[in-house]
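Below is one structure, written out as structure tokens; comments come after it.
Atoms within a ligand are numbered from 1 in the order they appear, just like the ligands themselves. For this chain, numbers begin at 1 and follow the sequence in order.
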Amino acid sequence: MSRSCKVLTISPNPAIDLSVALDSLQPGTVNRATSMQMMAAGKGVNMARVLVSLGHQVTVSGFLGIDNEAPFIEAFAALGVEDDFLRLPGATRINTKLSEAEGRVTDINAPGLAIDQRSWDDLIKRVEQQLQSPLRRPDAVMIGGSLPPGVAVEALAELIRCIRQHDLPVWVDTSGDALAAAVEAGASAVKPNREELSEWAATPLLDDDATSCAAQALSDRGHDHGGLAHTLVSLGAQGVLWLARHGRWDSRPPEVKVTNTVCAGDTLFAAMLHAVLTDMSPEDGLRLATALSAEAVRHPGVGDIHANDFHHLLEHTRVRRLSDAATGGAFV
Ligand SMILES: O=P(O)(O)OC[C@H]1O[C@](O)(CO)[C@@H](O)[C@@H]1O
């Protein structure tokens with residue numbers, strides 16, 4: 001049993017995910033679903049699920065609308081996490097995920113509840129209270145997802161700087177201007193996928209070398225701002241590229257039947273934080289996170305470490321250490 005840590009996850013813009021399974025999506029026609037499922041979600045909530053399954057004590061925070069908070073309250077009770085979400089009038093957004101039999105997923109993510117400056121200031125105060133409390137102070141903070149309407153990227157930067165001033169690592173999974181702002185504000189780790197990295201680099205990433213160069217540029221930019229100990233690039237079935245201060249690795253999961261990719265990235269990021277907090281070897285940590293993320297794509301929701309064949313997935317996940325100059329070499 002590895003060490004249990006305290007983690008705070010913050011979801012400025014959580015969501016109820018409506019996962020709709022269909023044989024194949026025919027836009028502009030009536031489509032019949034084969035199944036439907038609703039789940040309290042958003043990146044911070046999903047990451048909390050993974051961290052709890054890996055044995056950590058988690059507090060969840062962010063903003064929830066009081067009109068439809070029930071699925072969140074149920075989920076938090078089932079998980080055994082501390083609920084520190086601020087409540088606001090209105091409803092939390094519903095994000096629709098259309099997953100086709102062949103594994104393609106179409107996301108329709110709503111904008112979310114508008115947040116005013118006062119509410120954002122309240123969130124920062126609430127977070128600071130936890131960071132200052134000797135009993136509740138976390139070992140790390142994760143911030144996940146898009147920014148809700150009314151929240152500018154400068155506000156995210158302020159939150160990150162506040163957490164860094166308390167000398168805590170802050171892992172941020174976001175995209176677009178918010179990703180750039182997070183890096184400049186000193187985020188400790190980020191996890192763009194290829195498209196998000198391409199947007200940050202403002203260039204198409206047509207091959208592995210271009211992806212690797214852009215990841216290095218992002219990592220260097222983070223170092224210049226005193227943060228980014230970890231840059232993780234999630235590459236879907238191709239695996240993960242990981243640039244850390246102490247080396248570079250990549251990984252490749254075994255082939256799995258893809259049913260729903262929605263929570264793969266959240267699973268990967270949270271499992272990597274677990275690996276770092278519990279001092280796993282880089283190879284074992286990246287193998288675990290990659291395998292768990294592969295497990296996640298087989299169904300809606302996050303990866304399940306208790307899946308019957310998880311050991312098989314783990315054994316068939318390849319990890320290799322990369323030299324500083326190259327991406328070649330044999331998988332170990
Ligand atoms: O905040 P964003 O970028 O709209 O993403 C939210 C979505 O991301 C997820 O957390 C999956 O990564 C979904 O549960 C959720 O609907």
(Q) Can you report which non-hydrogen protein atom sits closest to atom 11 (C) of ligand 1, along with the distance? (A) Val262 O, 3.1 Å
Q: Determine, using heavy atoms of Glu196 and all atoms of ligand 1, whether some pair is separated by less than 4.0 Å.
A: no
Q | 4.5 Å side-chain heavy-atom contact, Gln216 and Arg248 | A | yes
Q.
Looking at every non-hydrogen atom in both residues, tell me the closest pair between Val50 and Thr267 and how far apart they are.
A. CG2-CA, 3.8 Å
Q | Proximal ligand 1 atoms for Arg93, defined as those under 4.0 Å from one of its heavy atoms | A | 1 (O), 2 (P), 4 (O), 6 (C)
Q: Decide, yes or no, whether a salt bridge links Asp224 with Arg221 under the criterion of side-chain N to carboxylate O below 4.0 Å.
A: no
**Q.** Heteroatom distance test (Ser146, ligand 1): nitrogen or oxygen, under 3.5 angstrom
**A.** yes
Q. Between Asp122 and Lys125, is there a salt bridge with N-O shorter than 4.0 Å?
A. yes
Q. Quick check: are there more than 12 heavy atoms from other residues, nucleotides or ligands sitting under 6.0 Å from CG of Asn31?
A. yes
Q) Identify the closest protein heavy atom to atom 8 (O) of ligand 1: which residue and atom is it, and at what distance? A) Lys43 NZ, 3.0 Å
Q | Location of contacts on Met39 toward ligand 1, heavy atoms closer than 4.0 Å | A | neither
Q) Within less than 4.0 angstrom of ligand 1, does Gly42 place any heavy atom? A) yes
Q: Closest by any non-hydrogen atom to atom 16 (O) of ligand 1: pick that one out of Asp17, Val45, Thr267, Asp173.
A: Asp17
Q. Does some side-chain heavy atom of Leu218 sit less than 4.5 Å from a side-chain heavy atom of Leu243?
A. no
Q.
Heavy-atom distances under 4.0 Å decide this one: backbone, side chain, both or neither, for Asn109 against ligand 1?
A. side chain
Q: Give the atoms of ligand 1, by number and element, whose distance to some non-hydrogen atom of Ala41 is under 4.0 Å.
A: 14 (O)
Q: Identify, by atom number and element, the atoms of ligand 1 in contact range of Gly145, meaning under 4.0 Å from any of its heavy atoms.
A: 1 (O)
Q. Going through the distances and angles, do Lys191 and Trp171 end up as a side chain to side chain contact (heavy atoms under 4.5 Å, CB included)?
A. CA-CA 9 Å; Lys191 187 219 60 66; Trp171 288 41; over 6 Å; no
Q: Decide if atom CD of Glu102 counts as having more than 12 heavy atoms of other residues, nucleotides or ligands within a radius under 6.0 Å.
A: no
